[in-house]
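Comments concern the structure below.
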Number of protein chains: 2
Amino acid sequence: MPVTIQDVAREAGVSVSTVSRAFTVPDLVKDETRQHVLHTAERLGYRPNRAARGLITGKTGNFGVIVPDLSNPFFPTVLKGVQARAREADYAVFLADCDENATEEIALVQAMAKQVDGVILCSSRMSPSQLERVVGTTSLVFINRQVRDHPAVLMGAAGGMRQAIDHLAALGHRRVAFLNGPKASWSNRERRRGLRHSARYDMEIVELGPFAPRFEGGPHAADLAIAEGVTAIIAFNDLLALGVMSRLADRGVSVPEEMSVVGFDDIPMAGMATPPLTTVAMQNERAGRAAVDLLVNLLTVSGAEAGDLRRELDCQLIVRASTGVPARS
Amino acid sequence: MPVTIQDVAREAGVSVSTVSRAFTVPDLVKDETRQHVLHTAERLGYRPNRAARGLITGKTGNFGVIVPDLSNPFFPTVLKGVQARAREADYAVFLADCDENATEEIALVQAMAKQVDGVILCSSRMSPSQLERVVGTTSLVFINRQVRDHPAVLMGAAGGMRQAIDHLAALGHRRVAFLNGPKASWSNRERRRGLRHSARYDMEIVELGPFAPRFEGGPHAADLAIAEGVTAIIAFNDLLALGVMSRLADRGVSVPEEMSVVGFDDIPMAGMATPPLTTVAMQNERAGRAAVDLLVNLLTVSGAEAGDLRRELDCQLIVRASTGVPARS
DNA sequence: GTGAAAGCGCTAACAT
DNA sequence: ATGTTAGCGCTTTCAC
């Protein structure tokens with residue numbers, strides 16, 4: 001029932017090779033013939049079967065993306081960028097959600113491998129040894145994870161973290177909590193690194209956690225932070241920050257008058273809908289696009305010298321409301 | 001470089017047909033042989049090439065999902081359900097974002113068609129005539145869209161809307177605004193329908209919009225609603241509601257003391273992080289799973305009699321905080 | 001119960 | 001510039 005290349009060839013009165021060439025190497029067929037073939041194909045509603053094509057070329061025109069958890073709004077924003085860029089580059093994308101489970105993640109890469117030219121691993125939860133096992137299965141590009149010299153898009157936290165610290169310091173905060181995210185998370189290490197790098201003699205940092213990077217992790221984290229007597233909280237991400245704020249409200253601690261809260265990630269909605277939450281905006285969508293660029297480049301280029309394999313994106317503090325209230329200290 | 005069925009056959013000392021059978025029709029090969037083959041395959045790390053298989057069977061083991069906008073947090077939650085159920089049924093999923101653009105949507109369906117066994121169209125933005133054009137391209141299952149007798153998962157709004165209306169009435173509200181979403185949206189029609197169906201003699205409904213179902217649409221909507229002198233606002237969805245609340249805060253109108261706000265969709269974060277927002281929770285994840293069930297059923301069953309083609313999910317009002325403040329009226 | 005061979009839709013040599 | 005042929009990795013008759 002589907003229209004094949006044979007059908008088009010027969011209808012157009014040429015050989016299949018000519019039809020094939022009209023699509024893949026247009027320059028090799030006479031202008032007039034090509035027009036005719038293309039027109040016939042259009043009329044018949046022919047669309048090349050990429051799977052069949054891939055069988056012989058070894059290229060599928062697809063790639064995969066694996067994210068830890070779709071219900072974490074951070075990932076859809078990255079995906080949005082991936083999607084947009086993928087279509088521009090004429091790639092179709094397989095999506096999978098590994099549910100924060102490294103074993104699942106491996107299985108998914110392997111399941112996808114044969115149907116894709118490469119896979120983008122978003123905030124991979126795999127251990128280094130697990131990672132080694134999948135490397136080589138297919139072309140890999142990482143987002144927010146550094147694996148030896150593999151291509152990666154890294155969303156740095158140094159700039160945003162420094163801004164956050166300076167901001168809080170300027171408001172008079174002297175004792176601040178940092179709520180750790182997942183310990184296997186590169187982003188968490190990166191944020192801690194930024195934190196240490198921005199250390200100030202006049203500010204004490206209390207590290208808490210790790211906590212699940214979700215709303216549900218917030219309440220407990222808030223209780224611990226309050227018990228520590230801090231006047232400001234820097235949460236691993238917005239979701240956690242939101243959970244924290246919810247608990248603070250329940251306990252009658254007002255933000256930002258009594259407690260300043262800072263979150264990471266760019267979930268514009270979070271900060272906009274909850275103005276006292278100050279956030280460090282990440283360039284999620286751009287990261288998604290960059291990852292596709294890297295992958296396409298990797299697959300296109302001769303291979304040996306693949307140009308820059310690493311893309312670093314920075315981030316920026318966004319103060320939406322009156323976090324500008326000095327700590328009572 | 002990849003391990004093929006040939007490699008396994010050679011290594012196991014059997015023919016390719018036997019290997020193939022060991023995987024697809026295990027009963028047809030002797031127990032002992034099968035064990036040996038499967039073991040060898042495992043050892044070599046062989047994974048059948050689904051594309052090649054699909055070429056001959058006509059089934060790819062993949063399906064596609066198209067959503068209007070990944071940055072609308074409603075869709076990722078549905079996707080989460082789709083993903084979970086897809087993996088259980090051993091399907092891989094193609095994802096595409098049509099950017100609220102019907103023309104894109106058509107193109108995406110056609111582009112996917114050859115690589116999938118079916119497509120799930122989530123809140124399709126296509127016009128009826130556009131829809132007719134893609135029907136027949138591949139098996140289609142709709143979410144929140146009714147197209148003749150095509151399989152669909154419908155998230156009804158009647159129950160939730162009635163609860164919302166009764167709730168607001170009980171609080172003493174007599175003049176309530178409904179902020180319309182996209183006019184091509186089935187969900188919007190469904191919600192309006194629920195609204196009319198729940199009409200009360202003691203309550204006046206002011207319809208406004210349509211507005212984009214996004215945070216950005218809220219501020220303007222809020223201004224119009226205030227100008228209309230309503231004491232409560234029912235927004236098409238949570239995103240819009242959040243935008244409304246943001247504007248209300250800017251204008252010094254406190255929620256819920258001076259204005260009650262109700263949103264739709266299940267973006268748990270929205271209501272949890274912003275307690276004065278009352279929401280009607282939809283069963284997004286379940287809808288995603290149901291859609292996959294429908295599709296799998298459609299592809300598996302003999303075809304003629306495909307069982308139930310429609311799944312209706314209901315919704316429920318969630319009052320998280322003190323919306324329980326009577327209108328001053 | 002197992003093997004040999006044909007062929008799915010397509011592209012890439014190799015002719016012409 | 002175009003046609004012919006041989007497969008890509010797999011399933012599926014058809015023999016044995």
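What you see below is based on every heavy atom in this structure, not just the backbone, and it leaves out hydrogens, waters and symmetry mates. Labels below follow one simple rule: chain letters A, B, ... track the order of the sequence lines, proteins then strands, and each chain is numbered from 1. Here the structure is a predicted model, which means the values were calculated and not measured.
Within the structure, side chain to side chain donor-acceptor pair (under 3.5 Å) contacts touching residues 12-25 of chain A (residues at least two apart or in different chains) are A:S15-A:S17, A:S15-A:T18. Counting only residues at least two apart or on different chains, the side chain to side chain donor-acceptor pair (under 3.5 Å) pairs with a member in residues 52-66 of chain B are A:Q115-B:N62, B:T60-B:D117.
The main-chain N or O of B:E105 is never found under 3.5 Å from a side-chain atom of B:R125 such that the two would form a donor-acceptor pair. In this structure a side-chain-to-backbone donor-acceptor pair under 3.5 Å is present from A:D7 to A:T4.
Each of A:V147, A:L121, A:N101, A:T103 was evaluated against A:M126; a single residue qualifies, A:L121, per the side-chain contact (heavy atoms from CB on, under 4.5 Å) test. Across A:L313, A:N284, A:L154, A:I120, a single residue satisfies side-chain contact (heavy atoms from CB on, under 4.5 Å) together with A:I143, and that is A:I120.
For the atom pair B:F63 CZ and B:M112 CE, the distance stands at 10.5 Å (nearest 0.5 Å).
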Please tabulate, for side-chain N and O atoms in residues 44-52 of chain A, each donor-acceptor pair with protein atoms closer than 3.5 Å (sequence neighbours left out).
from: A:N49; atom 1: OD1; to: A:A51; atom 2: N; distance (Å): 2.9
from: A:N49; atom 1: OD1; to: A:A52; atom 2: N; distance (Å): 3.1
from: A:R50; atom 1: NH2; to: A:D90; atom 2: O; distance (Å): 2.9

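With sequence neighbours left out, B:F142 forms a ring pair (Phe, Tyr, Trp, His ring centres under 6.0 Å) with no residue at all. Contacts of A:P76 classified as side chain to side chain contact (heavy atoms under 4.5 Å, CB included), with partners at least two apart in sequence or in another chain: B:P76. Checked against salt bridge (charged side-chain N to carboxylate O under 4.0 Å, His left out), B:R85 has the following partners two or more places apart in sequence or in another chain: B:E88, B:D293. For B:K114, there are no salt bridge (charged side-chain N to carboxylate O under 4.0 Å, His left out) partners at least two apart in sequence or on another chain.
Contact check of residues 106-113 of chain B against DNA chain D (heavy atom, cut-off under 4.0 Å) returns no residues at all. A heavy atom closer than 4.0 Å to some atom of DNA chain C occurs in B:T33, these being the qualifying members of residues 33-45 of chain B.
For the residue pair B:E190 / B:S187, no side-chain donor-acceptor distance below 3.5 Å is found, with atom types taken as modelled. Between the side chains of B:Q130 and B:S127, at least one donor N or O sits under 3.5 Å from an acceptor N or O.
Rotation axes derived from the C1' atoms of the five outermost pairs at either end of the helix from C:dG1-D:dC16 to C:dT16-D:dA1 lie 40° apart, to the nearest 10°.
Taking every heavy atom of both residues into account, B:Q83 and B:V93 meet most closely at NE2-CG2, 3.7 Å.
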Review point. When every nucleotide of nucleotides 5-14 of chain D is labelled 5' to 3' by its protein contacts under 4.0 Å (heavy atoms), B for base, S for sugar-phosphate only, - for none, what sequence of letters results?
Key: --BBBSBB--

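Taking 4.0 Å as the cutoff to heavy atoms of chain A, we find the contact window on DNA chain C bounded by C:dG9 to C:dA13.
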